[in-house]
Amino acid sequence: MKYAFYPGCVAKGACPELKMSTETLMNKLDIELIELKDAACTGAGVISEHEQELADTLNARTFAMAEKIGAPLMNICSTCQGNMSRSNNRLKNDSSLLKRVNETLSEEGFNYSGNLSVKNLLWILVEDYGLDKLKEKVTNPLKGLKVAPFYGCYILRPTWDLGFKEYPARGHYLEKLIEVCGGEAVDYSGKDKCCGFPILTMNKKNSYAMTANHLQEAKSKDADCMVTPCPLCHLNLDANQPDVAKTVGTKIDLPVLHLPQLIGLALGISQYELGLDRNIIDTKNVLSAVS
Amino acid sequence: MEVKFKIKRYNPVKGEYYDNHTVNVSPKDTVLNVLLMIRSGTDQSLGFRCSCKSAICGSCAMRINGRGRLACNTQIETVISENNEILVEPAGNQKVIRDLIVDLDMFWNKIKETTPYLQHMGPPPEREYLCSDEDMLHLSEVTECIMCGACVSDCTILEVDKKFMGPAALAKVYRFVFDPRDNIDDSRLSKVSEYGGIWDCTHCFKCIEACPKRVHPMERILSLRKIAMKRGITDNNGSRHSDAITKSVEHSGTLNELMVLPKSFGWWNIKELLSLIPGGIRMWQRNKMPSILHPKLAGVKNIKKIFKKFKSK
């Protein structure tokens, strides 16, 4: 298996442990990654506020790079997945847009066919690698660790842009992976809601209130930790958790793992190779469940 | 087929509780038909609103399996779980009066606050106010709104802040801002650029999923952001945030996370800048702080060319 790897901005910036744990996990699963080092930001759902076609052109440039490699694209961010899926659908379904975009890209020697498969690591593990095969690789089961899944909006909605017609179970993959790893998935209403990160600079009070609701609800359901495929959600849920806790006047102390960190632990990868020492909220209760 | 309906009930005496009803239905039956069946049969006390049964009146919005929907256009087969169960609850974010009936005062007050009528400057035309077919066709996508409140039910911002205008009211603002006959000035845009308006939306797509008429409220909010920025209403964190991310990608190809926060708050906003320090120290201690020297992509000149092309359009 081989993928054109799009790490995204945050995994190369404020969440280096995500890129590191992804590469280690893929190595363990014998999946080859070829990093798209010159690929631009997907637009973060923000460039489209200025000009949708500009965001589509930047994404088409990335897709063309993957096509040159001859491999499907893998991303590791819910927000990147949402932006890429929506751009890809527009490019696939609007031939005049694809033509205009390719005219722009031709100056750099790129051309996009409109046929690339673009998948988040979450989808790849379930749909391409397979849960049965992954289960065989589990050497350190999570021994009933209660894990609260947190998806991130952009990987769930709108369902018609994210392949839910073909793969209707995509809204349950985190739970399936948690169980394959020997953990117990915690069911709570916040798992498919917004983490609050997109409005952090516009309305910090609301942003933190949303984050606090999800963390506290997961805690109230006895979660030992949370797991997310989105580094932007991770920033609010983990990196900002001490500030979020202050707004509700109580300690939360809920470790939040990136998806490859959780799977990696079950596969026997060391905490250092998974960058768990970089998570802001201490993960020792998770580690003690595995050891 | 046999289906188990789990219905959330409420009345001021008993408080909240759930009722279970096992009913024999056709997969093509609507949830509303089944509720009517329950009310006319086993439980005449069940409270809910309905009228047209045709997805026109907007009375029967409620949460079905956790999502805002119209009961009258939701067929059993589209929502039934593996265990043949369907969960029915009142619409979210609004006060429950009884069972599946919510108080719509908040919804209508937010609509009223948008001055939901055409405002025209200058002398009135001799005959009617005309609008081109093209403009009307565009507006018809928004005027499809039947005020059911399914979007308001599922809005994740309203869960934490009832002062947010919400998706339905902001879609209504779009309807007038993009109507060529409504030409007052930019006061509608200025108002929605303040706290509680367009920049408080968090892009969660819940309203887009819930809307039974494909009004796509969140997309309307993003369009309002675009036109507000174009009209120069940019003295707000949302606009600065949007500008900071876009310029960062233009100049380096990627997001300069270290600069986005201070640029969004504004360099003169000392209080907010100081509030970033504890988080910054935590990030630095855990070796998570992005580099001060934000690296540029090797092909950044090509990305700049793409931006330039769009700017010249």
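These values consider heavy atoms only, across backbone and side chains, with no hydrogens, waters or symmetry-generated copies. Every chain is numbered from 1, with letters handed out A, B, ... down the list of sequences.
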A.B. asks: Determine which residues belonging to residues 77-90 of chain B lie within contact range of chain A, meaning some heavy atom pair is under 4.5 Å apart, and list them by number or answer 'none'.
C.D. replies: none
A.B. asks: Side chain, backbone, both or neither: which part of B/K230 has an atom under 4.5 Å from a heavy atom of chain A?
C.D. replies: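 Neither; nothing under 4.5 Å.
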A.B. asks: When heavy-atom pairs shorter than 4.5 Å are enumerated against chain B, which of A/A39, A/A44, A/S189 gives the highest number?
C.D. replies: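 Sorted descending by pairs with chain B, the first entry is A/A39.
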A.B. asks: With the side chain counted from C-beta on, respond yes when B/K305 and A/E108 share a heavy-atom pair under 4.5 Å apart, and no when they do not.
C.D. replies: no
A.B. asks: Kindly check if the number of other-residue, nucleotide or ligand heavy atoms within 6.0 Å of CH2 (B/W284) is above 12?
C.D. replies: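 Atom CH2 in B/W284 is not packed in, count stays at 12 or less.
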A.B. asks: If you count heavy-atom pairs within less than 4.5 Å of chain B, which of A/P16, A/A212, A/A14, A/G8 leads?
C.D. replies: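 Winner by heavy-atom pair count: A/A14.
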A.B. asks: Against chain B, label A/P158 side chain, backbone, both or neither, depending on which of its atoms sit under 4.5 Å from a heavy atom there.
C.D. replies: both
A.B. asks: Counting only non-hydrogen atoms closer than 4.5 Å, does A/L58 touch chain B with its backbone (N, CA, C, O), its side chain (CB onward), both, or neither?
C.D. replies: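 For A/L58, side-chain heavy atoms alone lie under 4.5 Å from chain B.
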A.B. asks: Taking every heavy-atom pair that is under 4.5 Å apart, which of B/K206, B/H294, B/R225 has the most such pairs with chain A?
C.D. replies: B/K206
A.B. asks: Compare all side-chain heavy atoms of A/V10 with those of B/E257 and state whether any distance is below 4.5 angstrom.
C.D. replies: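 Yes, at least one pair of side-chain atoms sits under 4.5 Å.
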A.B. asks: More than 12 heavy atoms of other residues, nucleotides or ligands under 6.0 Å from NZ of B/K247: is that the case?
C.D. replies: no
A.B. asks: Any salt bridge linking A/R157 with B/E209? Criterion: basic side-chain nitrogen under 4.0 Å from a carboxylate oxygen.
C.D. replies: no
A.B. asks: List the atom of A/M202, the atom of B/G238, and the distance in Å for their closest heavy-atom pair.
C.D. replies: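 So the two residues come closest at CG-CA, 3.5 Å.
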A.B. asks: Mind checking the CE-CZ spacing from B/M283 to A/R278? Nearest 0.5 Å is all I need.
C.D. replies: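 Reported value, rounded in 0.5 Å steps: 10.5 Å.
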A.B. asks: Can you see which heavy atom on B/R282 is nearest to which on A/A239, and at what distance?
C.D. replies: NH2-O, 3.2 Å
A.B. asks: With a 4.5 angstrom heavy-atom cut-off, could you sort out which part of A/D38 is near chain B: side chain, backbone, both or neither?
C.D. replies: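 Both backbone and side chain.
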A.B. asks: Has B/L274 got more than 12 heavy atoms of other residues, nucleotides or ligands less than 6.0 Å from its CG?
C.D. replies: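 More than 12 heavy atoms, drawn from other residues, nucleotides or ligands, come within 6.0 Å of this atom.
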A.B. asks: Considering only heavy atoms and a distance below 4.5 Å, find which of B/G253, B/S264, B/S242 pairs most often with chain A.
C.D. replies: B/S242
A.B. asks: Salt-bridged, B/E272 to A/K204, with N to O below 4.0 Å?
C.D. replies: yes
A.B. asks: What pair of heavy atoms forms the shortest contact from B/H203 to A/C153, and how long is it?
C.D. replies: O-CB, 4.2 Å
A.B. asks: Indicate whether the side chain of A/K12 and that of B/T254 have a donor and an acceptor atom separated by less than 3.5 Å.
C.D. replies: no
A.B. asks: Relative to chain A, which segment of B/V160 carries a heavy atom at a distance below 4.5 Å: side chain, backbone, both, or neither?
C.D. replies: both
A.B. asks: Answer yes or no: is there a donor N or O on one side and an acceptor on the other, between the side chain of B/K226 and the main chain of A/E49, under 3.5 Å?
C.D. replies: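 The answer is no, because no donor-acceptor pair under 3.5 Å joins these two groups.
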A.B. asks: Please find the pair of heavy atoms, one from A/K37 and one from B/L297, that lie closest to each other, and give the distance.
C.D. replies: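 Heavy-atom minimum between the residues: O-CD2, 3.4 Å.
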A.B. asks: Mind checking whether B/H216 and A/W160 have parallel, tilted or perpendicular rings, split at 30° and 60°?
C.D. replies: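 Parallel.
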A.B. asks: For the candidates B/T156, B/I245, B/N287, which exhibits the highest count of non-hydrogen atom pairs separated by less than 4.5 Å from chain A?
C.D. replies: B/N287
A.B. asks: Shorter than 4.5 Å, heavy atoms on both sides: which option in A/C194, A/G152, A/G275, A/G45 has the most such pairs with chain B?
C.D. replies: A/C194
A.B. asks: Is A/N279 close to chain B through its backbone or its side chain, or both, or neither, when contacts mean heavy atoms under 4.5 Å?
C.D. replies: backbone
A.B. asks: Quick one: NZ on A/K193 to CD1 on B/I157, what's the gap to the nearest 0.5 Å?
C.D. replies: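 The NZ atom of A/K193 sits 12.0 Å away from the CD1 atom of B/I157.
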A.B. asks: Would you mind checking which part of A/E53 comes under 4.5 Å of any heavy atom in chain B, side chain (CB onward), backbone (N, CA, C, O), both or neither?
C.D. replies: both
A.B. asks: Report the option among B/L222, B/V249, B/N256 that has the most heavy-atom pairs separated by less than 4.5 Å from atoms of chain A.
C.D. replies: B/V249
A.B. asks: Pick whichever of A/T42, A/L235, A/T104 has the most heavy-atom pairs under 4.5 Å with chain B.
C.D. replies: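 Looking at each option in turn, the highest pair count goes to A/T104.
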A.B. asks: Between B/F164, B/Y195, B/W199, who has the most heavy-atom pairs with chain A when the cutoff is under 4.5 Å?
C.D. replies: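 When all of B/F164, B/Y195, B/W199 are compared, B/W199 has the most.
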A.B. asks: Does the side chain of A/L54 come within less than 4.5 Å of B/E250's, by heavy atoms?
C.D. replies: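 Heavy-atom side-chain distance check fails, nothing below 4.5 Å.
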A.B. asks: Under 4.5 Å between any side-chain heavy atoms of B/K288 and A/I280, yes or no?
C.D. replies: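 Heavy-atom side-chain distance check passes, below 4.5 Å.
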A.B. asks: How about B/K296: does its NZ atom have over 12 heavy atoms from other parts shown lying under 6.0 Å from it?
C.D. replies: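 At most 12 heavy atoms, drawn from other residues, nucleotides or ligands, come within 6.0 Å of this atom.
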A.B. asks: Using a 4.5 angstrom heavy-atom cutoff, name the option from A/I199, A/T57, A/L200, A/L156 with the most pairs to chain B.
C.D. replies: A/I199
A.B. asks: Shortest non-hydrogen contact from A/P198 to B/H241?
C.D. replies: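 Where A/P198 meets B/H241 most closely, the heavy atoms are O-CE1, 4.4 Å.
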A.B. asks: Relative to chain A, which of B/I306, B/N236, B/L255, B/T202 shows the most heavy atom pairs under 4.5 Å?
C.D. replies: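 So the answer, after comparing B/I306, B/N236, B/L255, B/T202, is B/T202.
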A.B. asks: Less than 4.5 Å to any heavy atom of chain B: does that hold for the side chain of A/C15, its backbone, both, or neither?
C.D. replies: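 Both backbone and side chain.
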A.B. asks: For B/G299 and A/R61, work out which heavy atoms get closest and say how close.
C.D. replies: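 Closest pair (atom of B/G299, atom of A/R61, distance): O-NH2, 3.8 Å.
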A.B. asks: Are B/R286 and A/E17 ion-paired here, with the side-chain N under 4.0 Å from a carboxylate O?
C.D. replies: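 No, this pair does not count.
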A.B. asks: Strictly below 4.0 Å, N to O, side chains only: are A/R86 and B/E219 in salt-bridge contact?
C.D. replies: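 Yes, this pair counts.
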